[in-house]
There are 2 protein chains.
Amino acid sequence: MLPSLPALRAFDAAARRGSFRAAAEHLSVTATAISHHVRGLEEQLGVKLFERTGRDIVLTEEGRRLAETTARAFSMLEDAVQTVRRTARRVVRLAAGPIFTARWLMPRIGDFWGAHPGVQLEVAPSFRPRAHTEGDADIVVTWERVSDMPEGAVKLLELRPVAIASEQFLDRNGPIETPTDLLRAPLIHQRNQLGWLDWFAAMGVRLEEDLRGPVFEDANAILRGAADGQGAVIGWLPLIQQDLNEGRVVRLFNEEIAPTHGYFLEIASDRRAETIAVVNWLTAQRAGSV
Amino acid sequence: MLPSLPALRAFDAAARRGSFRAAAEHLSVTATAISHHVRGLEEQLGVKLFERTGRDIVLTEEGRRLAETTARAFSMLEDAVQTVRRTARRVVRLAAGPIFTARWLMPRIGDFWGAHPGVQLEVAPSFRPRAHTEGDADIVVTWERVSDMPEGAVKLLELRPVAIASEQFLDRNGPIETPTDLLRAPLIHQRNQLGWLDWFAAMGVRLEEDLRGPVFEDANAILRGAADGQGAVIGWLPLIQQDLNEGRVVRLFNEEIAPTHGYFLEIASDRRAETIAVVNWLTAQRAGSV
DNA sequence: AGCAAATGATGAGTAAAACTCATCAAAGGC
DNA sequence: GCCTTTGATGAGTTTTACTCATCATTTGCT
């Protein structure tokens, strides 16, 4: 026998936020409602769920354990309901990183619209696409090392690292003739020196210490930085082909490095016709893209 | 935004049982309530969840997908709430097979009561104790081959197989002088010939074909059958020591076979003081039991 | 085939929640 | 030290969940 579900939900919201007021706001009710619900629940279960220390509340041990489960259970319900709603609207939700969205998906989106007018593609840009793997997206585009291809994933695109910068950067930082020359210049990189380490390794340079230079999370920002002459960056072919063509950035060397990373598709287990249409369209783009 | 939770729950119950009427009964409401809830959900989600083919209902594809999740989510909630309720009542719920319950636990339960008057031990007898591992029992006593000790489990008791029967059986089936003589007599066994295969192997008999004879699931029933002279069975020492002492059954040989199976404790992750007390008491019994 | 029993749908009405409002108490910030 | 913020409480209101009465369909039975 379950206690009242709205009460459980109120408890869950309060536990997540550590505040009745915040929970109330989230559920669009008054804090009074939450307070009543939680008290009712406590009475029914015979257990104190929150310790009220004057103005704020803190979960008791029992409350904490219950909250662990309610959080998972309600998230599951939320996801499942969302998915059904999308189904009804023939929406396919795709989660991808910002650079993929901007440099690969956007240029092709018109083509998709033409090919599948009935399917509504919803793109959720995210810095952590992996976090969407469960339930809240039908397709997730993840970035992985090509050697670490995730189980059950579909390879979409392989990427080759190239060192790029703007003309302005070259003027300012003298001639760059060998990869080691770069070590004296500002190198903008992502967390984990993503790209640069592979690139130096492929160029036969052994790094003695960590790279210095500004770290940005957002690859779009990094490319923008390169175009502005802020530093040298690793770009990924073919994603940045257009930037090269239009002269916003130039390649520092004519290196031909094998793909080290790639984009992979992880597809939700409920394979609707619309989802499959999108996957097929995405993989069909591959041919023309490389 | 979640739709009304009681409606989701009504849907879940209907989906599980494949009938609005049965769902209504389970939730102690009228079938009308379920019908209204499901219709409301369908309108809100914009998706048909059940196909109504005249008198009965069948889940649509979308309904099926939603039901998969609701089933898991509501089970989780139910378990979690149950656990909290037990906590409040200082109840420790233990799931175990019937033979363990009857021959090992029952004789010792008075001792437990004396040692821990505050803790209420609730014994859930089950033919499939493993099924209780998640959430609905604090401690599960599983039966495993000693070589397959489950991860994180605590060994409680090792069991040695012995061939036993009643005097009556011996009168009827002539003298049993070697293990192979047994192959001509009715051997009662559990599914998978549990016990007999190990026993014959340990006695150096290679079986040419499957064993015949009646198969029972319930070890208590099997022991009863042995006492009644229905056939020879495998008993497990020390569980059946008392039956031997009281002469209800006799050992057919004086074999000394090493333990092949054992009882293990699997303990729920939320380790309350009460649960730990019970585990400690159980394992302490081990010394006196063998 | 024909009828009774079973299942679900529907709309109106009722009962029971969930929720709000007004008021109070306690605690922390300035 | 006062003002703001957060939560508690009891009475009152609104919304929701549910029931009842009635109807439509189907299925099992003889």
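Proteins get letters first, then strands, A, B, ... in listed order; numbering begins at 1 in each.
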I want to verify a distance call: between [options], whose nearest atom is closest to the [X] side chain?
{"X": "B:Ile57", "options": "C:dA22, D:dA21, C:dG8", "value": "C:dG8"}
{"X": "A:Ala33", "options": "D:dT9, C:dC19, D:dT19", "value": "C:dC19"}
{"X": "A:Thr30", "options": "C:dC21, D:dT19, C:dA9", "value": "C:dC21"}
{"X": "A:Val29", "options": "D:dA17, C:dC19, C:dA9", "value": "C:dC19"}
{"X": "A:Arg21", "options": "D:dG7, C:dA18, C:dG8", "value": "D:dG7"}

Original post:
Once you round to the nearest 0.5 Å, how far does CG of A:Leu45 lie from CZ of B:Arg89?
Top reply: 11.5 Å
**OP:** Starting at OG1 of B:Thr60, measure out to CZ of B:Phe50 and round the result to the nearest 0.5 Å.
**Re:** 8.0 Å
Original post:
Which atom names give the shortest non-hydrogen contact between A:Leu27 and A:Ala13, and what distance separates them?
Top reply: CD1-CB, 3.9 Å
**OP:** Count the heavy atoms belonging to other residues, nucleotides or ligands that lie under 6.0 Å from CD of B:Gln44, then report whether that count exceeds 12.
**Re:** yes
**OP:** Map B:Phe20 and A:His36 onto DNA chain C by nearest heavy atom, then report which one ends up closer to the 5' terminus.
**Re:** B:Phe20
Original post:
Taking for each residue the nucleotide of DNA chain C with the nearest heavy atom, is it B:Ala31 or A:Ala7 whose nucleotide lies nearer the 5' end?
Top reply: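 By nearest-heavy-atom nucleotide position, the 5'-most residue is B:Ala31.
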**OP:** Could you tell me whether A:Ser19 contacts a base, only the sugar-phosphate backbone, or nothing, with contacts defined as non-hydrogen atoms closer than 4.0 Å?
**Re:**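 It contacts sugar-phosphate atoms only.
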**OP:** May I ask you to say what A:His37 touches in the nucleic acid, namely base, sugar-phosphate or nothing, with a heavy-atom cut-off under 4.0 Å?
**Re:**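 Answer is sugar-phosphate: A:His37 comes under 4.0 Å of backbone atoms only.
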**OP:** May I have the distance from A:Leu5 (atom CG) to C:dA17 (atom C1'), rounded to whole angstrom?
**Re:**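 About 12 Å, once rounded to whole Å.
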Subject >> Any B:Arg39 side-chain N or O less than 4.0 Å from OP1/OP2 of C:dT10 >> reply: yes
